[in-house]
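Okay, structure first, notes after.
Excluded from the calculations below are hydrogen atoms, water molecules and symmetry mates; all remaining heavy atoms, backbone and side chain alike, are included. Proteins come first, then strands; the chains are lettered A, B, ... in the order of their sequence lines, and each starts at number 1.
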Amino acid sequence: MIAYRCEDSPECIFTAIYRAYEEKCDPRDTRICLTEDPLLFAEDRPVTVEEEKAEKVLRTLRRRFGEEDLQSLCLCLASPSEDKGQAAYRTIAKGLGRGCRPGHLFDDLADPDVHKAFALARGAGNELHHLYGFLRFQELEGGILYARIGPKNDLTAFLMPHFADRFPEENFLIQDEPRGLCGVHPVGKEWFLVQSGQIFLRAGAEGESIEERGTAPLRQTRERLMFSAGEEEIQELFRCFCRTIAIEERWNLELQRNLLPLRFRGYMTEF
Amino acid sequence: MEYLANGSTRSLMEKLAILSDAAKYDVACTSSGVERQGTGTGVGNCLKMGICHSFSSDGRCISLLKILMTNECIYDCKYCLNRRSNDVPRAIFTPEEICTLTMEFYRRNYIEGLFLSSGIVNSPDCTMELLCRTLALLRGKYRFQGYIHVKAIPGADGELIRRAGFLADRMSVNLELPTAEGLRLLAPNKHRKNILGPMRQIQTGIQVNQNELTVYRHAPRFVSGGQSTQMIIGATQENDYQILKVAESLYRKFELKRVFYSAFVNVNQDASLPALPGGPPLLREHRLYQADFLLRFYGFEAEELLDEERPFFNVLLDPKEDWAVRHLEQFPVEVNKASLEMLLRVPGIGVKSARRIVAARRSAKLDFQDLKKIGVVLKRAVYFITCGGRLMYPLKLEEDAIVRNLTEKEDRIRLGSDGMTYRQMSLFDDASFADGLHKLPLSQVPPDRRRNVRKYDCLPM
Ligand code: SF4
């Protein structure tokens, strides 16, 4: 048994997968581990990210399985599960092994590894879709849009392209509070991710990396979180809208809770 | 214009409160059906599957800023809060105000776009003209590329409707009531022909546009998210069968994307309308949505679900279970062999799980555990399927036993049907649903029966 020891990042897991092929491992006797838990009779091989190898794996996956299945694999790797690396690796190995066509990577749901990867990807995908809707921006001084999120899965890298496409002319920030991760979109430039430490927007000291890479308007946010003059009123307008749009005769808080789980509400303007 | 001056002293907040309150009975809130990437400038894009941004206290989705341009109205529809004869606070938005609200809400990711409807000011033409002006401003000056759903005002000039169609992603004309008779009774100013006219015009417009688009890829798009309509359920005497037949023919003859059903809420306490002490007929609305989905995605026809003899849905069983129980001769089906069409007819198997079954059984022989992983609701499916020729466990495959297992004892007792056979129950249903049980509010439907109550008003289709 060979155990590749990875850090929890897609790049690292893809690097490990590359090496497993390069080093001619038998997938049935190889593990991709995200923890330090010792494995009996296993030969440990520590993995550090090698961009080139990860890139190559990505290209192969895209070519062989298509964009949609690749997206599902990446979503699987965004989940908090410790088994995700192994599930993704086995799914990929089986897919390559049976020469499956694009769009069919997850067909064999009776297989435990494929099902695991599928279930993780579906969970992350559902949460991503929730956040497309439930994420809320607030306007800071200078017109910057700022959103806080706290999802179970690591989704910032999936949210950024969606909002960058939607708001090409806005400076915006999406901050994953529990992970201390921040996505930054300066107008007219590519978006990027930075470690935000805890709350760089409120403290300032943590904001160095933003200052280095960001644009002028972003710099203002370093001092403290200041809302723009009109922000309060717009929020009040939306709360008013949410109140009046409900039909009293149909009141159903249980249904509301099923569709909009409580854990999202702490981050939402209208609750 | 006198109307524009009328409410001008109101604050934006007051106007929003009045005009969203007045719009809330319109059910459609979907933002789906259009895939449009951002252009790199302006604001907005659209996703095919649509996005729900919030859910209000009634559990309905908030996807679009749903407002009336004005609740002034020269008509007097009996069921409508905004009718001329009601003394309610009136307001009117200026086009600029609508644009500001849409843009500011959209930037903060509160909404997917705008749903704009209106009472009739002055005339249908005048109203439609104002709607067009607003949309043109939003698309032009504000460069808004998000989702827009606009009402076509019955009786408005065809050219105005055409203009709106090039600015909007979805249009709808509300049928309001399932039959011309109902319309005559409750909406004396509206005529069936004025409703079907613009509906046909939009359908033709979409067809012509599709041909243009195959020739010129960049031709402007006309109502690319398709058109929808809505019917009020329970204000008039139509039965479920009639309503479902109307929906079916709207899908077939007018190629509608969606038909929405709106449980009647008696806001005016008008003597000509039913009182509904139990609240709006939500269960009935729910059954209609279920049946509607069976028509569109499961290959069922209205005639299979209901007929002249059984014109109302079963209270205890959903329409698919009800159909299956009446067709036990076709079950159980072998999951590893059955056609996709047949799998779709099994209670507990949805469209996604049916497709997954077909994909998964290519590489392995499926057993019940696999079906569970795939997402099949075994609790309901077990009576109708075998895996490798075997039932999940020994079962009595007989009508009354299955119905007993599919329903909850407490419901049967509450509805007074416990101890009855399925046949007796069906007869009993017919006689009493029309004005009694069928108006059960959803809150009285036990949770297990409610599992399918999902986002019917905004599902991505
Ligand atoms: S036309 Fe009828 S339904 Fe529409 S706003 Fe006027 S009164 Fe209400």
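- The neighbour count for Glu169(A) CD, taken as heavy atoms of other residues, nucleotides or ligands under 6.0 Å away, is above 12.
- The choice from Leu135(A), Ile247(A), Leu260(A) that makes the most heavy-atom pairs within less than 4.5 Å of chain B is Ile247(A).
- To the nearest 0.5 angstrom, His129(A) atom NE2 is 4.5 Å from Met49(B) atom CE.
- No side-chain heavy atom of Glu270(A) sits under 4.5 Å from any side-chain heavy atom of Phe55(B).
- With a threshold of 4.5 angstrom between heavy atoms, Ala263(B) approaches chain A through its backbone and through its side chain.
- Heavy-atom pairs under 4.5 Å with chain B were tallied for Glu231(A), Glu236(A), Arg257(A), Glu248(A); the largest tally goes to Glu231(A).
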Subject >> side chain to side chain contact (heavy atoms under 4.5 Å, CB included) between Ser56(B) and Arg250(A), intermediate numbers included >> reply: CA-CA 10 Å; Ser56(B) 46; Arg250(A) 302 182 62 121; over 6 Å; no

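- Ranked by heavy-atom pairs shorter than 4.5 Å toward chain A, the options Glu104(B), Arg356(B), Gln37(B) are led by Arg356(B).
- Contacts of Val43(B) with chain A are made by both backbone and side-chain atoms, with heavy-atom separations under 4.5 Å.
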**OP:** For the pair Tyr132(A) and Glu112(B), evaluate side chain to side chain contact (heavy atoms under 4.5 Å, CB included) and give the outcome as yes or no after the intermediate values.
**Re:** CA-CA 10 Å; Tyr132(A) 281 165; Glu112(B) 227 17 48; over 6 Å; no

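- With a 4.5 Å cut-off on non-hydrogen atoms, Glu249(A) touches chain B through its backbone and its side chain both.
- With a 4.5 angstrom heavy-atom cutoff, Phe264(A) does not touch chain B via any of its atoms.
- Heavy-atom pairs under 4.5 Å with chain A peak, among Ala22(B), Ala360(B), Ser54(B), Gly146(B), at Ser54(B).
- When each of Phe163(A), Phe137(A), Phe271(A) is checked for heavy-atom pairs under 4.5 Å with chain B, Phe137(A) comes out on top.
- Between Leu64(B) and Phe241(A), the shortest heavy-atom contact is O-CZ, 3.7 Å.
- Put simply, of Ile18(B), Asp21(B), Thr41(B), the one with the most heavy-atom pairs under 4.5 Å next to chain A is Thr41(B).
- Side-chain atoms of Arg136(A) come within 3.5 Å of backbone N or O of Asn109(B) as a donor-acceptor pair.
- Heavy-atom contacts from other residues, nucleotides or ligands closer than 6.0 Å to CZ of Arg143(B) number more than 12.
- For Arg107(B), the parts lying under 4.5 angstrom from a heavy atom of chain A are both the backbone and the side chain.
- For the set Gly40(B), Ala23(B), Ala364(B), the count of heavy-atom pairs under 4.5 angstrom toward chain A peaks at Gly40(B).
- Side-chain N or O atoms of His53(B) include one that pairs as donor or acceptor with a backbone N or O of Gly133(A) at under 3.5 Å.
- Annotation for Ala110(A) and Leu366(B): closest pair CB-CD2, 4.2 Å, computed over non-hydrogen atoms.
- Note: Phe105(B) and Phe238(A) have perpendicular aromatic rings, judged against thresholds of 30 and 60 degrees for the angle between ring planes.
- For the 3.5 Å distance criterion, the side chains of Asn45(B) and Arg166(A) qualify, holding a donor opposite an acceptor.
- Around CD of Gln269(B), the count of heavy atoms belonging to other residues, nucleotides or ligands within 6.0 Å exceeds 12.
- Contact of the Arg108(B) side chain with the Ile234(A) side chain is registered, since non-hydrogen atoms from C-beta on lie closer than 4.5 Å.
- Listed here is the closest heavy atom pair of Cys240(A) and Met13(B): CB-SD, 3.8 Å.
- Chain A forms more heavy-atom pairs under 4.5 Å with one residue of Lys365(B), Glu285(B), Gln369(B) than with any other, namely Glu285(B).
- Residue with the most contacts toward chain A among Val267(B), Leu371(B), Leu65(B): Leu65(B) (heavy-atom pairs, distance under 4.5 Å).
- Annotation for Glu68(A): atom CD does not count as buried by contact number, only 12 or fewer foreign heavy atoms lying within 6.0 Å.
- More than 12 heavy-atom neighbours from other residues, nucleotides or ligands sit within 6.0 angstrom of CZ on Arg122(A).
- Scanning both residues, Ile245(A) and Asp58(B), for their nearest heavy atoms gives O-OD2, 4.1 Å.
- Counting all heavy atoms, side chain and backbone alike, Phe134(A) lies closest to Cys52(B) at CE2-O, 3.7 Å.
- Between Gly59(B) and Leu259(A), the shortest heavy-atom contact is O-CD1, 3.4 Å.
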